[in-house]
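A quick note: this is a predicted structure, and the numbers were derived from the prediction, not measured. Hydrogens, waters and symmetry mates play no part in the numbers below; they use all other heavy atoms, side chains included. Position 1 is the first residue of the sequence, and the numbers go up from there.
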Amino acid sequence: MSKIRADHVFTSESVSEGHPDKVCDQISDAILDACLAQDSKSRVACETLVSTNLVVNAGEITCSGWDKIEPEAIARRVVRDIGYDREELEFCSETFTYIGRLHEQSPDIAQGVDEGRGLFLEQGAGDQGMMFGYASDETEALMPAPVYYSHLLLDELQKIRKAGTIPYLRPDAKSQVSIQYVNGQPHHITSVVVSHQTADVPLEKIRKDLIEVVQQVLGRTGLLKGNVEYFINPTGKFVIGGPHGDAGLTGRKIIVDTYGGVGSHGGGAFSGKDPSKVDRSAAYYARYVAKNIVASGLAKKCEVQVAYAIGVAKPLSINVDTYGTGKLEDNRLEAIVSSGKIFDFRPAALIKELGLLTPKGWCYRDTAAYGHFGRSQFPWEKTDKIDALKAAAK
């Protein structure tokens, strides 16, 4: 049973593609995309660090076409696409210093992960650990409302920035949405925070313009009722930003990347990791399972946990929790999920089912800003198991 009160306020945040940590996530995932395009069996664990006009890549990569990949060129393209293309920002795609320290993956790890090698004849998990997937019926995307609307807000602001509609906007930004729940459902937004890097223009103008955007985006939700507090650049000035304002690292926004603090998190980051790393692929699959359970009407909210040992294909455990909202007992839903008849949590099987080695219509860099979940272009968001789940539940 959920420990969250039926009536409460919950807050989640998002960060823009120009946030230093998200710059890193996008560079790491763009390098992953390049590796998979050359060799679908690539093993990638790519970390990125950024600071004032500096990009550093480090990690382990095994890719048969590695000699054709230019990490520095990829990093410069990503930084330019984000909008760091002027020296005045102190982080510029044309002038930053690049340091690369990427080397081949340890053969000790590879022997347990590569299919047909080591003690097991099928692909084992790339690491130990537990992963979680979550879904809730409180938004159309079956995502928790606070994080979903925080993402929508920054996604709209980046479109406005790139279109030049508000010409003084710069790439770095954060948002935060607080929602009052009544009887367990979102009732109204209590406050909105937007901290957006800008040129040096009057704060009154920034607040007026950005409140208009907030009201336009969140007005569609039906949750802007009564008195809403708006905190726009609450420090009074946000001109120095991006990697010049704060250093960034891959994988530091794991709550932004997932469910905004709702539900549980296993602790593993996503970006820069190929699908053999179950930190990423199994978290995607757990979301896929949880979303299908909610989409089928078998629960109003659902969390799925899966755990692995490195090199072992079969999960150590699978747990299903519907927070008391399920139409079936959780242990029965768990048995359906664990049976292998509808869902298969073995790494090779879930990678194949979701097409994670050969993305079509999406790429890993797409996931690296504005959330890995709740966006329809990704295969783990499809709801194609509804009929099978309903049949199994009879």
Exercise for the section: State, without any angle test, whether Ser40 and Thr358 hold a side-chain donor-acceptor pair at a distance under 3.5 Å. Expected result: no

Problem - Gln377 atom CD: more than 12 heavy-atom contacts under 6.0 Å - result: yes

Practice task
Look at Lys277 together with Asp279 and state whether they make a salt bridge at an N to O cut-off of under 4.0 Å.
Solution key: no

Handout entry: Test item: Asp330 side-chain N/O and Thr322 main-chain N/O as donor-acceptor pair under 3.5 Å
Key = yes

Practice task
Using a strict cut-off of less than 4.0 Å between a Lys/Arg side-chain nitrogen and an Asp/Glu carboxylate oxygen, indicate whether Asp33 and Arg365 qualify as a salt bridge.
Solution key: no

Exercise for the section: State plainly whether the residues Lys22 and Asp25 are in salt-bridge range, i.e. N to O under 4.0 Å. Expected result: yes

Exercise for the section: Return yes if a side-chain donor-acceptor contact under 3.5 Å exists between Asn233 and Ser195, otherwise no. Expected result: no

Handout entry: ILVMFWY network linking Phe373 to Tyr323, side-chain heavy atoms under 4.5 angstrom
Key = yes

Problem - Nearest-0.5 Å distance, CD1 of residue Ile255 to CD of residue Glu13 - result: 9.5 Å

Exercise for the section: Could you tell me whether the side chains of Tyr84 and Asn53 share a donor-acceptor contact shorter than 3.5 Å? Expected result: no

Handout entry: ILVMFWY cluster, Tyr134 and Leu142 together (side-chain gap under 4.5 Å)
Key = no

Fill in the blank from the handout: With Ser296 as partner, the option from Thr383, Asp387, Leu389 fulfilling side-chain contact (heavy atoms from CB on, under 4.5 Å) is Leu389

Problem - Pairing of Glu204 and Lys208 as salt bridge, 4.0 angstrom limit - result: no

Practice task
Please check if Leu152 and Val256 belong to a single hydrophobic cluster, counting links between Ile, Leu, Val, Met, Phe, Trp and Tyr side chain heavy atoms closer than 4.5 Å.
Solution key: no

Problem - Main-chain N/O of Glu88 paired to His244 side chain as donor or acceptor, under 3.5 Å - result: no

Practice task
Answer yes or no: is there a side-chain heavy-atom contact under 4.5 Å between Ile189 and Thr221?
Solution key: yes

Handout entry: Sidechain-backbone polar pair: Asp366 side chain, Cys363 backbone, donor-acceptor under 3.5 Å
Key = yes

Practice task
Please check if the side chain of Ser42 supplies one atom and the backbone of Val44 the other of a donor-acceptor pair under 3.5 Å.
Solution key: no

Exercise for the section: Measure the spacing between SG of Cys35 and CG of Asp274 and express it to the nearest 0.5 Å. Expected result: 9.0 Å

Practice task
Please tell me if the side chains of Leu32 and Cys46 come closer than 4.5 Å, counting only heavy atoms from C-beta onward.
Solution key: no

Practice task
Drop me the distance from Ile179's CD1 to Tyr148's OH, to the nearest 0.5 angstrom.
Solution key: 12.0 Å

Handout entry: Check: His8 main-chain N/O paired with Gln180 side-chain donor or acceptor under 3.5 Å
Key = yes

Handout entry: Straight-line distance of Tyr370 OH to Glu17 CD, nearest 0.5 Å
Key = 4.0 Å

Exercise for the section: Answer with yes or no whether the hydrophobic clustering places Val193 together with Leu224; edges join I, L, V, M, F, W, Y residues whose side-chain heavy atoms lie under 4.5 Å apart. Expected result: no

Problem - Salt bridge Asp29-Arg280, side-chain N to carboxylate O under 4.0 Å - result: yes

Problem - Flag for Tyr285-Asp344: side-chain donor and acceptor within less than 3.5 Å - result: no

Problem - Donor-acceptor pair, side chain of His372 and main chain of Thr367, under 3.5 angstrom - result: yes

Practice task
Determine whether the side chains of Asp85 and Ser93 contain a donor N or O and an acceptor N or O closer than 3.5 Å.
Solution key: no

Exercise for the section: Check for a donor-acceptor pair, side chain of Asn292 on one end and backbone N or O of Lys385 on the other, with a separation under 3.5 Å. Expected result: yes

Handout entry: Between Phe10 and Tyr181, ring centroids under 6.0 Å
Key = no

Problem - Connected via hydrophobic side-chain network under 4.5 Å: Tyr230 and Leu157 - result: yes

Exercise for the section: Give a yes or no on whether a salt bridge exists between Asp155 and Arg375, defined as a side-chain N under 4.0 angstrom from a carboxylate O. Expected result: no

Handout entry: Sidechain-backbone polar pair: Tyr364 side chain, Leu356 backbone, donor-acceptor under 3.5 Å
Key = yes

Exercise for the section: Tell me yes or no: between the side chains of Ser264 and Gln305, is some donor less than 3.5 Å from an acceptor? Expected result: no

Exercise for the section: Report yes if the distance between the aromatic ring centroids of Phe270 and Tyr284 is under 6.0 Å, otherwise no. Expected result: yes

Handout entry: Arg346 (side chain) donor-acceptor with Lys314 (main chain) under 3.5 angstrom
Key = no

Handout entry: Distance (rounded to the nearest 0.5 Å) between Ile342 CD1 and Ile386 CD1
Key = 12.0 Å

Practice task
Compute whether any side-chain donor of one residue and acceptor of the other, for Ser28 and Ser271, lie under 3.5 angstrom apart.
Solution key: no

Handout entry: Under-4.0 Å salt bridge between Arg43 and Glu104
Key = no

Completion exercise
Between Gly268 and Ile254 the two heavy atoms that sit nearest each other are O-CG2, 4.2 Å

Problem - Sidechain-backbone polar pair: Gln197 side chain, Ala173 backbone, donor-acceptor under 3.5 Å - result: no

Practice task
Taking the side chain as every heavy atom from C-beta outward, state whether Lys237 and Asp200 have any atom pair closer than 4.5 Å.
Solution key: yes

Exercise for the section: Kindly give the heavy-atom pair with the smallest separation between Arg332 and Lys394, and that separation in Å. Expected result: NH2-O, 3.0 Å

Practice task
For Asp67, look at atom CG and say whether over 12 heavy atoms of other residues, nucleotides or ligands are found less than 6.0 Å away.
Solution key: yes

Problem - Contact check, side chains of Ile61 and Ile31, non-hydrogen atoms, under 4.5 Å - result: yes

Handout entry: Distance, nearest 0.5 Å, that separates CD of Gln185 from NZ of Lys300
Key = 5.0 Å

Practice task
Please say whether more than 12 non-hydrogen atoms of neighbouring residues, nucleotides or ligands are located less than 6.0 Å from NZ in Lys327.
Solution key: no

Practice task
Fit a plane to each ring of Trp380 and Trp362, take the angle between them on a 0 to 90° scale, and name the class: parallel (under 30°), tilted (30 to 60°) or perpendicular (over 60°).
Solution key: perpendicular

